[in-house]
Number of protein chains: 2
Amino acid sequence: MTTVDQQQRPGPPAPRRRSRRDEILEIAVGLFAARGYHGVSMDDIGSAAGVTGPALYHHFAGKEAMLVAALIPVSEGLLHGGEARVALHPGDASAALADLIDFHVEFALANPAVIALHLHELDRLPEEPRRQIRRLQRLYVEEWVAVLSKLRPELDASEARVLAHAAFGLMNSTPFLGGEVDRRRRAALLREATIHALTGH
Amino acid sequence: MTTVDQQQRPGPPAPRRRSRRDEILEIAVGLFAARGYHGVSMDDIGSAAGVTGPALYHHFAGKEAMLVAALIPVSEGLLHGGEARVALHPGDASAALADLIDFHVEFALANPAVIALHLHELDRLPEEPRRQIRRLQRLYVEEWVAVLSKLRPELDASEARVLAHAAFGLMNSTPFLGGEVDRRRRAALLREATIHALTGH
DNA sequence: TAGACTCCTTAACGCACGTTAAGCATTCGG
DNA sequence: CCGAATGCTTAACGTGCGTTAAGGAGTCTA
């Protein structure tokens, strides 16, 4: 369990190592990932952060806003990271794919909670932010589809999309396992499995 | 808190052909998968089934009992199917793996909603049934680990487990895509990707 | 046609949750 | 030293939800 047991009751204020908002958000993400959006109450989040539930309204407009604030940067980070990696290898689809895989695996291993959130709780959002996130996700997928289509011309776009989603499922399997295996070894296993899954050799 | 599930008919009457209970359960599974366990109310489920919310209590002990009733058969079905497939190929790990993959892909394509439920809502269960399901899942995973370990002796058990979970993530990616691609073609793509991911050739 | 059985209804209860309101303490720039 | 900003508190409200209670109508069997 993620415990942030800084100042409880009285005394000197927070050390403010970074914005309180971000601190609270990280705690909320952990709870959402562990028990689901609807399974966590504002009081739960407050308690975990060392404050009461209503205190959270000084940092976020509401519960939904917390989920949005947690999910948007993930989609943006994946998309921008993916675009950057692809741009590094113009005309070399094979190298671009290897770099995409490396990037995504590292991202998934570094942010398992947020990955799980993305997989499970996206549908709990209201129309507008959900559409925005879906749009970012779609653009990210299309980066993969473009690279895959160059690498395997026998596939049409929709087939490449199936493979891209399959690859995400593979690489995002990381939140489901406790760290019995060393992180670097796990990254290597996932990279190899993904490259073989997508290219067949 | 923990309510006793009224499971089957306790007395003389034999189990029905396709009971109303099963009909309702399938509807509930669809709703749970689409909007999340906590995002669906008993009234929602009742309405979708053409009855009122409280009517459901004549078929299930409560909301949790519905989730349990939906999830247990899935784990059992996967485990027993997996054991059966492995038993078909004694001493031939390669054939056993191919059969396991075929079985799991067909299962996932046939039951996307229930697969999504398993991935997302397992943690919403109370201790006891959750442990039972986790036990079934673990046994199923170990079927894969055993086959994988024979096929790739250079991996230790925990590494094989990482790969098994990765394969599940790949094959279970099917609920995330609408059927833009023909079902048989999709199954073929997932089978090939999985076998390559796990064996490397 | 009695009796049992299945399946459903409306009404209501109690609680948990998201949210709002109003106000207090500490910190800090000018 | 003042006044704003920051970050929190307790109290309370409305509502949605899971659940219980009590009863009635249709169907099958003997």
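Given the structure is predicted, the values throughout are model-derived calculations rather than measurements. Sequence lines set the chain letters: A, B, ... in the order given, protein chains first and strands last, and positions in each chain run from 1.
- Of all nucleotides listed (C/dT9, D/dG18, D/dT9), C/dT9 comes nearest to the side chain of B/Ala55.
- Across all strands shown, A/Gly62 has heavy atoms under 4.0 Å from sugar-phosphate atoms exclusively, and none from any base.
- In this structure, the OH atom of B/Tyr57 is 12 Å from the P atom of D/dC17, given to the nearest Å.
- For B/Thr52, no side-chain nitrogen or oxygen approaches OP1 or OP2 of C/dC8 to under 4.0 Å.
- Closest to the side chain of A/Arg20, from the set D/dG7, C/dT19, D/dT19, is D/dG7.
- Side-chain N/O atoms of A/Asp92 and A/Ser94 include no donor and acceptor closer than 3.5 Å.
- Place A/Met42 and B/Gly50 on DNA chain C by their nearest nucleotides, and B/Gly50 ends up nearer the 5' end.
- If you measure from atom CG of B/Asp43 to atom P of C/dA12, you get 16 Å, rounded to the nearest angstrom.
- B/Asp22 has its CG atom 12 Å from the P atom of C/dC7, to the nearest Å.
- What separates CD1 of B/Ile24 from C1' of C/dC8 is a distance of 10 Å, to the nearest Å.
- In this structure, CZ of B/Phe60 is placed 15 Å from C1' of C/dC8, rounded to the nearest angstrom.
- Using a distance-only test at 3.5 Å, with no hydrogens or angles considered, no donor-acceptor pair links the side chain of B/Asp44 to the main chain of B/Val40.
- Nearest-nucleotide assignment on DNA chain C puts the 5′-proximal partner with B/Ala49, out of A/Ala61 and B/Ala49.
- No donor-acceptor pair closer than 3.5 Å links the side chain of B/Asp99 to the backbone N or O of B/Ala95.
- In this structure, B/Asp44 atom CG and D/dT19 atom P are separated by 14 Å, rounded to whole Å.
- If you take NZ of B/Lys63 and P of D/dT20, they are 15 Å apart, rounded to a whole angstrom.
- Atoms CD1 (B/Ile45) and P (D/dC17) sit 11 Å apart, rounded to a whole Å.
- For A/His38 and D/dC17, the shortest distance from a side-chain N or O to OP1 or OP2 is not below 4.0 Å.
- Heavy-atom distances to DNA chain D give each of A/His58 and A/Pro54 a nearest nucleotide, and the one nearer the 5′ end belongs to A/His58.
- Within 4.0 Å of A/Ser41, counting heavy atoms only, lie sugar-phosphate atoms of the nucleic acid but no base atom.
- Within 6.0 Å of the CZ atom in A/Arg135, the count of heavy atoms belonging to other residues, nucleotides or ligands does not exceed 12.
- Here the side chain of B/Asp102 pairs no donor or acceptor atom with the backbone of B/Ala98 at under 3.5 angstrom.
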